[in-house]
Amino acid sequence: MAVDLNYEKDSKERIPYEHYLEVYQNADPKEISSRCDVPYDAEKQEFTVSLMGVSYRISWPEYNVFHIGDDGSASPIIGWYPLEKKPNAKILVLRYLTEGGAAPSTGKFLTYREIPWGEVYFKQFQGRCLFRLAFGFGGKLDAFREIMERVGAQAISSGDVGYELEFMKGLFVRLILWAGDDEFPPSAQILFSDNFPAAFTQGEDMAVVGDVTIDMLKALAAK
């Protein structure tokens, strides 16, 4: 998938994308592979990166992206491949490859307020992620279950419905929904495995993780 994001001249995403792309292109792919624990094929000059149940081949230094099918081909699996086209997903993964790194989790999960800078950006995260999840799926719990099962998430005993999803290798998010009733509106919580702050250095990144995940839910619900 060629890098063609159709940015407008004033796009707020164009400048950070170009910045991180330049850093990526000047990086040592073997160092990236070691730091981020992602396989790198030196002969093909490709990384293999997983995102929400889909594996992708990412070329270096071009950053061309193709999803991988069950048989190793570029055949569809899930039907939603944000890393091929969505600017926010492409920038997020670029930031991980250039600035982040793999780290073990203790098994603990953090609220957004508990991550570095999370308290500062919580209102934005609440609107962008928690409210979108609650009002998008609080009345569609069966659709939420079907999508989460489709992408390989594991059910957890939290809320009215809860699932744990491997967002990237070793990085897990928990999406929890309460349906609400005549007295209370639906509500949601998103928790992050405690190795996220090592993988992504800014609180904004975790908000983008929420954005990308909810974008997937909405896209698959429409299919």
Legend entry - Considering all heavy atoms, the nearest Pro82-Met52 contact: CG-CE, 3.9 Å
Legend entry - Shortest non-hydrogen separation from Ile32 to Ala27 and the atoms involved: CD1-CB, 3.7 Å
Legend entry - Distance-only donor-acceptor check, side chains Tyr163 and Glu149, under 3.5 Å: yes
What donor-acceptor contacts under 3.5 angstrom involve side-chain atoms of residues 131-145, with partners at least two apart or in another chain?
{"from": "Arg132", "atom 1": "NH2", "to": "Asp215", "atom 2": "OD1", "distance (Å)": "2.9"}
{"from": "Asp142", "atom 1": "OD1", "to": "Arg145", "atom 2": "NH1", "distance (Å)": "2.8"}

Inset, instruction - Check the angle between the aromatic planes of Tyr112 and Phe122 and answer parallel, tilted or perpendicular using the 30° and 60° thresholds. - result: tilted
Inset, instruction - Write out all pairs satisfying salt bridge (charged side-chain N to carboxylate O under 4.0 Å, His left out) with one or both partners inside residues 179-198, taking only residues at least two apart or from two chains. - result: none
Inset, instruction - Hey, can you tell me if Tyr24 and Tyr63 have their rings parallel, tilted or perpendicular (30° and 60° cut-offs)? - result: perpendicular
Legend entry - Passing option when Arg174 is tested against Gln189, Glu164, Gln154 for side chain to side chain donor-acceptor pair (under 3.5 Å): Glu164
Inset, instruction - Evaluate the ring planes of Phe47 and Tyr40, with Trp represented by its six-membered ring, and classify them as parallel (under 30°), tilted (30 to 60°) or perpendicular (over 60°). - result: tilted
Legend entry - Closest non-hydrogen atom pair, Arg35 against Tyr96: NH1-O, 3.6 Å
Legend entry - Neighbour count above 12 (heavy atom, 6.0 Å) for Glu114 CD: yes
Inset, instruction - Considering non-hydrogen atoms only, spot the tightest contact between Trp178 and Ala188 and give its length. - result: CZ3-C, 4.0 Å
